[in-house]
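Report on the structure given below.
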Amino acid sequence: MKVFMATVVMVAFSVLANLLLKLDTLSSATAAKIFGFWGWRTLAGCASFGVALASYSLLLRLLPLNIAQSFAALQFVGIILASWLVLGEEITLLRAAGMATIIVGIIIVAASDA
């Protein structure tokens with residue numbers, strides 16, 4: 001259960017961080033910026049990356065490195081889905097095939113540890 005929760009938190013916060021960074025780049029030039037270029041979304045994104053890093057560190061304690069890193073690849077699938085839902089980016093057939101390949105690869109690597 002710890003592995004599942006750490007993976008979910010790591011992926012969710014990594015996806016959130018990437019979305020926040022992208023949204024900050026899309027914000028208007030008149031939005032309040034820190035040091036002239038960092039908006040609140042960038043700072044929140046950095047904090048989200050910190051949470052994802054802490055969760056990944058926990059995974060490294062619980063799993064071999066190759067398994068933990070394979071689970072971390074779920075963030076690529078999550079980012080594609082989130083960018084489609086939040087930003088309206090397209091998921092082409094080739095991109096969907098890539099997502100499926102990542103998921104199958106993770107399952108194979110995870111099963112090899114059993």
Side-chain angles (χ1 to χ4, degrees):
M1 188 61 148
K2 284 183 186 180
V3 170
F4 176 77
M5 290 305 297
T7 301
V8 168
V9 169
M10 175 193 58
V11 171
F13 276 89
S14 179
V15 169
L16 176 63
N18 280 285
L19 280 175
L20 287 167
L21 292 175
K22 179 63 175 180
L23 289 170
D24 204 33
T25 66
L26 299 174
S27 67
S28 70
T30 59
K33 302 285 184 179
I34 299 169
F35 302 121
F37 54 90
W38 285 345
W40 70 267
R41 290 175 193 90
T42 295
L43 297 177
C46 290
S48 295
F49 274 131
V51 174
L53 177 63
S55 298
Y56 183 62
S57 295
L58 176 60
L59 274 180
L60 290 174
R61 290 183 184 168
L62 301 172
L63 297 171
L65 174 60
N66 63 78
I67 305 292
Q69 186 58 44
S70 296
F71 287 176
L74 282 170
Q75 69 183 315
F76 301 122
V77 174
I79 288 169
I80 292 170
L81 293 172
S83 65
W84 170 66
L85 288 169
V86 176
L87 303 173
E89 294 181 2
E90 185 180 3
I91 299 179
T92 63
L93 185 58
L94 194 57
R95 198 165 291 154
M99 291 168 45
T101 302
I102 291 169
I103 292 168
V104 169
I106 293 167
I107 291 169
I108 291 169
V109 171
S112 72
D113 191 45

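Only heavy atoms go into these numbers, but all of them, side chains included; no hydrogens, no water, no symmetry mates.
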What distance do Leu74 atom CG and Leu81 atom CG have between them, rounded to the nearest 0.5 Å? 10.5 Å
What one should report as the nearest heavy-atom pair of Ile102 and Ala73 is CG2-O, 3.8 Å
Is it the case that one hydrophobic cluster holds both Met5 and Val15, taking links as side-chain heavy atoms less than 4.5 Å apart, direct or via other members? no
If hydrophobic clusters are built from ILVMFWY residues whose side chains come within less than 4.5 Å, do Trp84 and Val77 share one? yes
Please check if Phe49 and Leu60 belong to a single hydrophobic cluster, counting links between Ile, Leu, Val, Met, Phe, Trp and Tyr side chain heavy atoms closer than 4.5 Å. no
Is the backbone N or O of Val109 less than 3.5 Å from a side-chain atom of Ser112, with the two atoms forming a donor-acceptor pair by type? yes
Is it the case that more than 12 heavy atoms not belonging to Tyr56 sit under 6.0 Å from its OH atom? yes
Distance in Å, Leu58 CG paired with Met10 CE, rounded so as to fall on 0.5 Å steps: 10.5 Å
Any link between Leu26 and Leu85 through a network of hydrophobic side chains (Ile, Leu, Val, Met, Phe, Trp, Tyr) touching at under 4.5 Å? yes
Quick one: does Gln75's side chain have a donor or acceptor within less than 3.5 Å of a partner on Ala72's backbone? yes
Shortest non-hydrogen contact from Ser48 toward Leu16: OG-CD2, 3.5 Å
Minimum heavy-atom separation for Phe71 to Val11, with atom names? O-CG2, 4.2 Å
Leu20 side, atom CG; Leu43 side, atom CG - distance, nearest 0.5 Å: 10.5 Å
Minimum heavy-atom separation for Ala17 and Gly45, please, with both atom names. CB-O, 3.2 Å
Does Phe4 belong to the same Ile/Leu/Val/Met/Phe/Trp/Tyr cluster as Val9, with side-chain heavy atoms less than 4.5 Å apart forming each link? no
In the structure I gave you, are the side-chain heavy atoms of Leu59 and Ser55 within less than 4.5 Å of one another anywhere? no
Closest approach of Trp40 to Asp24 (non-hydrogen atoms, all atoms of both residues): N-OD1, 4.5 Å
One should read off an interatomic distance between Gln69 CD and Ile106 CD1, to the nearest 0.5 angstrom, of 10.0 Å
Enumerate, atom names and distances included, each donor-acceptor pair closer than 3.5 Å involving a side-chain atom of residues 87-101, sequence neighbours excluded.
residue	atom	partner	partner atom	Å
Glu89	OE1	Ser83	OG	3.1
Thr92	OG1	Arg95	N	3.1
Arg95	NH1	Glu90	O	2.6
Thr101	OG1	Ala97	O	2.8

